[in-house]
Amino acid sequence: SPLQTDLLLLAQLDARSGDAQQQLVFTLPGRLDETALLEALRQVTAEMPALRVVFRSGNGDAAPDAEVLDRVEPVIGVRNLAESTPQALEAALAAARIDEANTGFTLDAGPLWRVSAFRNAPDGTPLMLVMHGALLDERSRLRVVERLAECYTAAREGRALAPATFVAITTLPESDRAQAERFWREALASAQPTRLWTGADDAATGARESRHLVLDRDVTDRVHSLAAKLGIAPDTVIESAWALVLSRASGRDDVFLGVRRPDAVARRRSDATALGLLDRMVPTPLAVTPTLALRDFLRSVQAQRDIAWEHSALAVAEIASWGPRRRGRAFDVLLELDLDPDEGARRQRLIDELSLRIGTEVEPSGVPLALTVRRTAGLSCRLDFDAARVSSTQADALLTALARALATITAHPEVPVGAVALADEPALPKPLQTFAALYASWIEQLQRAREAGTAGARVRKYLRLIALDALLLVALVIAVA
């Protein structure tokens, strides 16, 4: 897939680096039974061809080719806790995350995943599952966790578990290359990188930190309700809110970010047994127009998303080479979305039953700012950032602003973009908020006038609206002055 191509080409630069990892932590019941765990891993590996995939070197600059091995032997790393306390477990997990992030995979020698078990934990047996990012998307990784827990429980109890059948997906549909190149060259011609830091900090890299925010089920329901009312995808509401936050934080009316989301078409064409990397990542320039009503802004984001998605079957590195690429990065801000309700229910169940933690996703491109929003019982938001470029105070403010943006968008989609207050003070002075609201109302009337029944009625409405627009412009000039 295009995303795999990006990850694998980067991995060729240093196949043993920890880039493009996914780390998941979950807890199996009871004390560690290494024999049962090894038996369970062998069964899961035999059932899931995707866990036996390796990547053989391509020719020249070409990405490696995927190959499914007949068999791979799992290896379990065991870490012994000094004390059986929650504090000792958290310290061991933190150390393991760092160790894993500094240890990569050899692409042509499977498996491209590994498991660490923590012995002497205070409750159950915590496992850390680390995978190369080019192997599976999160939907597929959750099924691995789910099946592994089933096989481990059966092995501990001495039960024979009926084998399951899974298939590996290693390719996604392609688009017309020449047409896609023309589209992206035009779409990215005037795009500028979105950065929340000054040039002096651009070359620096620091420790990766993260902040978390959980929005309750009510927010999730309002997001889905508004999306249904406007005829857009629910994750478009999140994308629009984040674009608004980035626009305010950067002081620009245009933003440029990468957006990663599941390929909905590929998911619909495959069933729950199909495992692979069914995500796409698309460079996305968005215009944030202050005078536009929020509902119209959301529709415009959806329209831009739809047309970009039609041309997304190219490697991100290639697409980004036609845009504002800086220091080898395709973009400086990344947004990852998965609001599928079925996957959200599965994710929440694994959180409840296995204490699942999605953990760290190490970005291969060193993206300074990455927001991940996933469906659980509500909306789980995680903001990962480079501490040399983004401060913890700024990260907290960004998440607070995101929550406020979503609250306003879902409650008052008729207000102008510029009137949304993301901080303690209104985003626009009161007079400008009033004028912006009037302008948005008049734009809506203009759209209705276009649907009027007779030519005479349309002409009369156009004339009235032109006069109102002229008065509005005069009032805006006076207010600004």
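These numbers come from the heavy atoms of this one structure, side chains and all, not from hydrogens, waters or symmetry mates.
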Less than 4.5 Å apart, side chain to side chain, heavy atoms only: is that true for Leu28 and Leu127? yes

Taking only residues two or more places apart in sequence or in another chain, which ones pass side chain to side chain donor-acceptor pair (under 3.5 Å) with Arg185? Glu181

Would you say Met131 and Arg141 make side-chain contact, with heavy atoms under 4.5 Å? yes

Are any non-hydrogen side-chain atoms of Pro126 and Phe26 less than 4.5 angstrom apart? no

Out of curiosity, Leu32 CG to Phe118 CZ, how far, rounded to the nearest 0.5 Å? 11.5 Å

Donor-acceptor under 3.5 Å (Ser225 side chain, Arg222 main chain): no

Under the side chain to side chain donor-acceptor pair (under 3.5 Å) definition, can you give me all pairs with a residue in residues 81-92, not counting sequence neighbours? Glu90-Arg357

Nearest 0.5 Å, what's the CG-CG distance between Leu129 and Leu148? 7.5 Å

Going by the rule side chain to side chain donor-acceptor pair (under 3.5 Å), which residues pair with Asp99 if we only count those two or more places apart in sequence or in a different chain? Arg79

Set of salt bridge (Lys or Arg N to Asp or Glu O under 4.0 Å) partners for Glu39, sequence neighbours left out: none

Is a salt bridge present between Glu146 and Arg143, judged by a nitrogen-to-oxygen distance below 4.0 Å? no

Atom CG of Leu335 and atom OG1 of Thr284: how far apart are they, to the nearest 0.5 Å? 8.5 Å

Give me each pair satisfying salt bridge (Lys or Arg N to Asp or Glu O under 4.0 Å) with a member in residues 233-247, each pair once, sequence neighbours excluded. Asp235-Arg261, Asp235-Arg305, Glu239-Arg261

Run the numbers on Ser140 and Asp137 for side chain to side chain donor-acceptor pair (under 3.5 Å), then give the verdict. CA-CA 5 Å; Ser140 301; Asp137 56 21; 2.8 Å; yes

Trp242 side, atom CH2; Leu369 side, atom CG - distance, nearest 0.5 Å: 5.0 Å

Basic-acidic side-chain contact under 4.0 Å: Arg347, Asp338: yes

Which class fits the ring pair His132 and Phe105: parallel under 30°, tilted 30 to 60°, perpendicular over 60°? perpendicular

Nearest 0.5 Å, what's the CG-CG distance between Leu339 and Leu379? 5.5 Å

State whether the side chain of Thr410 and the backbone N or O of Val223 hold a donor-acceptor pair below 3.5 Å, judged by distance alone. no

Within the side chain of Glu47, is there an N or O that forms a donor-acceptor pair under 3.5 Å with the backbone of Thr165? no

Does this structure show an ion pair linking Arg52 with Glu67, if we count only N-O contacts that are shorter than 4.0 Å? no

Inspect the contact between Arg389 and Asp386 and indicate whether a charged nitrogen and a carboxylate oxygen are less than 4.0 angstrom apart. yes

Quick one, Asp216 and Thr220 - any side-chain contact, counting heavy atoms below 4.5 Å? no

Any sub-3.5 Å donor-acceptor pair from Gln21's side-chain atoms to Glu100's backbone N or O? yes

Results of side chain to side chain donor-acceptor pair (under 3.5 Å) for Asp253 - residues two or more places apart only: none

How many angstroms lie between CZ in Arg404 and CG in Leu422, if you round to the nearest 0.5 Å? 8.0 Å

Pair Arg375 + Glu343, salt bridge at N-O below 4.0 Å: no

Backbone N or O of Asp33 within a donor-acceptor pair of the Tyr152 side chain at under 3.5 Å? yes

